Enquirer: 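Take this structure first; my questions come after.
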Amino acid sequence: MESARQEKLQKLKEQGLAYPYRFRVSHDIGEIKSRYEKPTEGRELCVRGSVKKVSRVEEGYLIRLVGDRGVEMLALTSEELRVGAECTLKGKLDRYEGKLCLMDALPCQEEALSPEEVKKEYDLDPGFEEVSLAGRLVTLRSMGKALFGHLQDATGKVQIYLRKDTVGEEALKSFEELVDTGDILGVEGRLFRTNAGELTVEVKSFTLLAKSLHPMPEKWHGVKDVEVRYRQRYLDLIANETARKVFLLRSKVVQSVREFLNAEGFLEVETPVLQHVASGANAKPFVTYHNYLEQNLFLRIAPELYLKRLVVGGFNRVYELGKNFRNEGVDTTHNPEFTMLEFYVAYWDYTDLMEFTERLLSHVVVSTVGSLKRSYKGREVDWTPPYRRYHYFELLQEKTGKEKEFFLKDLEGLRALARDLGVPKVETLTHAKLIDKVFERLVEEELWDPCFVTDFPKMLSPLAKTHRKDPELVERFELFVAGRELANAYTELNDPFEQRERFFQQLKEKEMGDEEAMQMDEDFITALEYGMPPTAGEGIGIDRLVMLLADVDSIREVILFPALRRS
RNA sequence: GAGCCGGUAGCUCAGUCGGCAGAGCAACGGACUUUUAAUCCGUGGGUCGCGGGUUCGAUUCCCGCCCGGCUCACCA
């Protein structure tokens with residue numbers, strides 16, 4: 001804590017002004033901004049002005065372009081321009097940090113508009129509307145008898161302007177004495193635009209709503225230290241626009257998924273996180289203890305077996321959007337708790353699900369990022385359906401020249417192949433694991449645009465129904481995007497006898513050293529004995545979907561509070 | 001779990017081949033009534049991740065530990 005701020009808080013406490021109970025807000029900051037800022041729709045424009053300031057940013061140079069009458073707008077360009085230079089730039093109009101900006105601007109010779117003319121069209125005159133706004137004071141520029149600052153929350157940022165004539169000498173003095181950047185401030189006043197054209201509240205009165213006892217992160221570089229960003233995510237959200245964008249996007253994705261499923265007649269349900277048997281996936285569970293029941297429980301590794309019980313119960317379309325917990329390694333694509341969507345549809349098979357997945361994902365992608373094409377790691381991902389479909393063993397055959405029989409029958413040959421591919425610890429891997437590893441090595445990375453890989457070997461899929469045309473396969477697909485598995489789905493196995501056999505097979509795998517082999521769930525088999533209709537089910541990794549749409553390469557960037565060791 | 005890299009002011013980062021610890025922003029004092037990475041003048045600020053060792057002297061060299069990142073292994 002900073003002593004100067006503590007002293008100011010002490011003064012506020014003495015005056016009974018330290019932590020007010022409420023403040024009447026007329027609008028969100030974002031709401032007021034969008035009211036007077038028209039969407040630009042990425043229009044191509046030519047603008048002429050003189051360069052007032054050049055700042056180096058990640059994307060190149062950020063230029064403040066000023067017109068004859070002092071109205072300003074921004075341009076992002078790779079051109080190195082000198083301050084004071086007259087220039088004409090052409091680029092796509094957008095907003096950068098809330099201001100009109102020509103993106104990817106290049107010099108041009110065409111007929112050009114002035115910043116005044118552009119702003120007149122897109123930045124409307126607020127006409128001295130009276131507003132009452134609140135937010136965190138993130139910048140402050142004192143000019144003696146007047147001062148400027150910006151209030152910010154997750155919805156946006158708005159400039160405030162206090163002048164002695166309007167707010168009064170006493171009030172201005174107490175602002176200078178008591179308010180720091182980082183404080184939460186409420187202001188009342190009227191909206192206008194400054195000479196430079198920025199939407200601004202001319203403040204009549206202000207209220208300090210909460211004091212920040214710590215100084216804010218640096219305004220230009222923000223917080224870069226990932227440890228601070230993850231442990232104190234609030235600082236990341238305050239300081240870094242990109243962090244705010246990612247988590248707003250995540251929220252939109254979740255909302256959009258629900259919207260789509262609800263509209264398709266699905267029922268959202270919640271099944272136990274604490275389970276007696278952690279089954280439904282191949283993974284090591286977390287163990288916990290219930291004092292009253294006097295027994296160990298597991299945190300679920302998947303909701304699958306409970307959701308299928310609900311289908312037995314007559315809920316024909318169910319989904320659950322929630323956390324799964326797996327007691328395994330942590331890295332850029334794995335967090336011990338992660339968010340999965342699982343959904344089940346009675347009377348469908350996996351081919352119905354492929355078509356449905358295309359509709360679901362294209363809806364989510366369009367409604368969250370506004371386009372079916374989205375770049376990931378500098379390469380475009382095209383989400384436009386239909387997605388290509390490949391057979392599992394056809395892909396393997398393409399890569400190795402070897403047929404299905406080789407992979408399913410020639411265990412030693414397969415082991416040798418895996419060894420040649422550099423798969424570690426091949427001697428200890430089970431047959432199923434070997435096939436899985438070889439597929440991963442040879443095929444997965446190349447599957448960039450969304451595509452379905454279908455018809456997996458049965459030994460990899462203990463809950464999937466045997467393929468109607470081939471008893472060695474199951475009716476299962478995985479959806480791959482950008483080289484990673486995004487969804488996993490199958491026609492559900494609903495024969496209780498066969499299900500029991502498959503669980504036994506898993507127990508054998510476990511004895512042969514596969515720690516993650518699936519656990520037997522007798523109660524689930526009992527449910528199947530009552531009759532589960534033909535059903536198709538699917539799981540989609542929400543964190544990974546968000547990673548793709550947000551164009552980030554670590555799962556920690558899309559989880560607000562990722563798992564870290566205690567500091 | 002293994003290998004490599006990192007931890008210096010509130011933040012972003014320099015730096016010390018072992019000799020009083022540096023900048024910008026933030027803070028503090030002053031000037032400035034349309035600024036916007038405001039500007040100008042001045043001031044203060046450090047357990048150099050933690051613990052040991054070597055040394056006259058360690059933030060720097062050595063050893064151990066903690067935390068993080070990347071790669072690999074396990075997994076989605």
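Everything numeric in this text was worked out from a predicted model, so none of it was measured. Letters go in sequence order (proteins before strands), and every chain restarts at 1.
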Enquirer: Starting at the 5' end of RNA chain B, which residue's closest nucleotide do you reach first, A/Arg556 or A/Ala283?
Expert: A/Arg556
Enquirer: Does a side-chain N or O from A/Lys437 land closer than 4.0 Å to OP1 or OP2 of B/A73, or not?
Expert: no
Enquirer: A/Glu509 has an atom CD; how far is it from atom C1' of B/C74, in whole Å?
Expert: 16 Å
Enquirer: Tell me, please, whether A/Tyr230 has A/Arg556 positioned over its six-membered ring: NZ or CZ under 6.0 Å from the ring centre and within 45 degrees of its axis?
Expert: no
Enquirer: Taking A/Arg326 for its side chain and A/Phe338 for its backbone only, find out whether a donor-acceptor pair lies under 3.5 Å.
Expert: no
Enquirer: Between A/Asp436 (CG) and B/C74 (P), how many Å, whole number?
Expert: 11 Å
Enquirer: Just grab all the ring pair (Phe, Tyr, Trp, His ring centres under 6.0 Å) pairs involving residues 547-567 of chain A, residues at least two apart or on different chains.
Expert: none
Enquirer: Is B/C20 paired to anything, Watson-Crick or G-U wobble with both distances less than 3.5 Å, and if yes, which nucleotide?
Expert: none
Enquirer: Determine the Euclidean distance between corresponding C1' atoms of B/U43 and B/G52; express it in Å to zero decimal places.
Expert: 39 Å
Enquirer: Produce a footprint string for nucleotides 22-34 of chain B: one letter per nucleotide, 5' end first; B if the base is under 4.0 Å from any protein heavy atom, S if only the sugar-phosphate is, - if neither.
Expert: --BBSSS---BBB
Enquirer: When all nucleic acid strands are considered with a 4.0 Å heavy-atom cut-off, which category describes A/Lys52: base, sugar-phosphate, or nothing?
Expert: sugar-phosphate
Enquirer: Show the nearest heavy-atom pair for residues A/Tyr376 and A/Asp553, with the distance to one decimal.
Expert: OH-CA, 3.9 Å
Enquirer: Does a salt bridge link A/Arg484 with A/Glu444, judged by any charged N lying under 4.0 Å from a carboxylate O?
Expert: no
Enquirer: Across all strands, who's sitting opposite B/G6 as a Watson-Crick or G-U wobble pair, both distances under 3.5 Å?
Expert: B/C67
Enquirer: Should the pair A/Lys157-A/Glu97 be classified as a salt bridge under the 4.0 Å nitrogen-to-oxygen rule?
Expert: yes
Enquirer: Using the P atom as the point on both nucleotides, what is the distance between B/G19 and B/C40, in whole Å?
Expert: 34 Å
Enquirer: Which whole number of Å gives the distance between the P atom of B/C70 and that of B/C62?
Expert: 26 Å
Enquirer: Between A/Tyr161 and A/Phe148 (judged by ring centroids, cut-off 6.0 Å), do the two rings come close enough to count as a pair?
Expert: yes
Enquirer: Between B/C67 and B/C20, how far apart are the P atoms? Round to whole Å, please.
Expert: 34 Å
Enquirer: Just call it for A/Gly222: base, sugar-phosphate, or nothing, with non-hydrogen atoms closer than 4.0 Å on any strand.
Expert: sugar-phosphate
Enquirer: List in numerical order all residues of residues 322-333 of chain A for which some heavy atom is under 4.0 Å away from an atom belonging to RNA chain B.
Expert: A/Arg326, A/Glu328, A/Gly329, A/Asp331, A/Thr332, A/Thr333
Enquirer: Go ahead and name the base partner of B/U36; Watson-Crick or wobble counts if both distances stay under 3.5 Å, otherwise write none.
Expert: none
Enquirer: Mind checking what makes ring pair (Phe, Tyr, Trp, His ring centres under 6.0 Å) contact with A/Tyr387, not counting sequence neighbours?
Expert: A/Phe452
Enquirer: Over how many whole Å does the gap from A/Glu72 atom CD to B/A37 atom C1' extend?
Expert: 13 Å
Enquirer: Nearest whole angstrom, please: distance from the P of B/U36 to the CE of A/Met73.
Expert: 18 Å
Enquirer: Please report the distance, rounded to the nearest Å, between CD in A/Gln232 and P in B/C67.
Expert: 17 Å
Enquirer: Using the C1' atom as the point on both nucleotides, what is the distance between B/U59 and B/G6, in whole Å?
Expert: 15 Å
Enquirer: Could you tell me whether A/Arg5 and A/Glu2 make a salt bridge, using a distance below 4.0 angstrom between a side-chain N and a carboxylate O?
Expert: yes
Enquirer: Determine the Euclidean distance between corresponding P atoms of B/G53 and B/A58; express it in Å to zero decimal places.
Expert: 11 Å
Enquirer: Considering only atom C1', compute the distance from B/G46 to B/U8 and round it to an integer number of Å.
Expert: 8 Å
Enquirer: Got a donor-acceptor contact below 3.5 angstrom from the A/Asp94 side chain to the A/Cys101 backbone?
Expert: no
Enquirer: Is there a side-chain contact between A/Lys425 and the phosphate of B/C74, meaning an N or O under 4.0 Å from OP1 or OP2?
Expert: no
Enquirer: Over how many whole Å does the gap from A/Leu151 atom CG to B/U36 atom P extend?
Expert: 19 Å
Enquirer: Touch check for A/Arg441, heavy atoms < 4.0 angstrom, all strands: base, sugar-phosphate only, or nothing?
Expert: sugar-phosphate
Enquirer: Tell me the closest heavy-atom pair linking A/Asn282 and A/Met518, and the distance in Å.
Expert: ND2-N, 3.5 Å
Enquirer: Run the salt-bridge test on A/Arg300 and A/Glu320 with the 4.0 Å N-O cut-off and return the result as yes or no.
Expert: yes
Enquirer: Do the charged groups of A/Asp123 and A/Arg95 touch, with an N to O distance under 4.0 Å?
Expert: yes
Enquirer: Can a side chain N or O of A/Arg231 be found less than 4.0 Å away from OP1 or OP2 on B/G68?
Expert: yes
Enquirer: How close do A/Thr155 and A/Gly30 get, heavy atom to heavy atom, and via which atoms?
Expert: OG1-N, 2.7 Å
Enquirer: Could you pull out the protein-nucleic contacts involving nucleotides 64-66 of chain B (nitrogen or oxygen on both sides, under 3.5 Å)?
Expert:
none

Enquirer: I'd like the C1' distance from B/U16 over to B/C61, given in whole Å.
Expert: 13 Å
Enquirer: In whole Å, what is the span from the CG atom of A/Leu237 to the P atom of B/C11?
Expert: 17 Å
Enquirer: From the set B/G69, B/C11, B/U36, return the single nucleotide nearest to any side-chain atom of A/Glu198.
Expert: B/U36
Enquirer: Only pairs with both distances under 3.5 Å count, Watson-Crick or wobble alike; so what is the partner of B/G42 in this structure?
Expert: B/C28
Enquirer: From CG of A/Leu65 over to C1' of B/U36, roughly how many Å is that when rounded to an integer?
Expert: 15 Å
Enquirer: Salt bridge or not between A/Glu478 and A/Arg476? Use side-chain N to carboxylate O under 4.0 Å.
Expert: yes
Enquirer: Let me know, please, whether A/Asp553 or A/Asp543 comes out on the 5' side of the other along RNA chain B by nearest nucleotide.
Expert: A/Asp553
Enquirer: Nearest of B/G68, B/U12, B/A37 to any side-chain atom of A/Val223?
Expert: B/U12
Enquirer: Please give the nucleotide sitting opposite B/U59 as a Watson-Crick or G-U wobble pair, both distances under 3.5 Å, or none.
Expert: none
Enquirer: Hey, is A/Glu72 close enough to A/Arg64 for a salt bridge, meaning N to O under 4.0 Å?
Expert: yes
Enquirer: Can you check nucleotides 2-9 of chain B for protein contacts, nitrogen or oxygen pairs under 3.5 Å, and list what you find?
Expert:
none

Enquirer: Looking at B/G1, which nucleotide sits across from it as a Watson-Crick or G-U wobble partner, both distances under 3.5 angstrom, or is there none?
Expert: B/C72
Enquirer: Which of the following nucleotides, B/A76, B/C74, B/U35, is nearest to the side chain of A/Glu516?
Expert: B/C74
Enquirer: Is any NZ, NE, NH1 or NH2 atom of the basic residue among A/Glu515 and A/Lys510 found under 4.0 Å from an Asp or Glu carboxylate oxygen of the other?
Expert: no
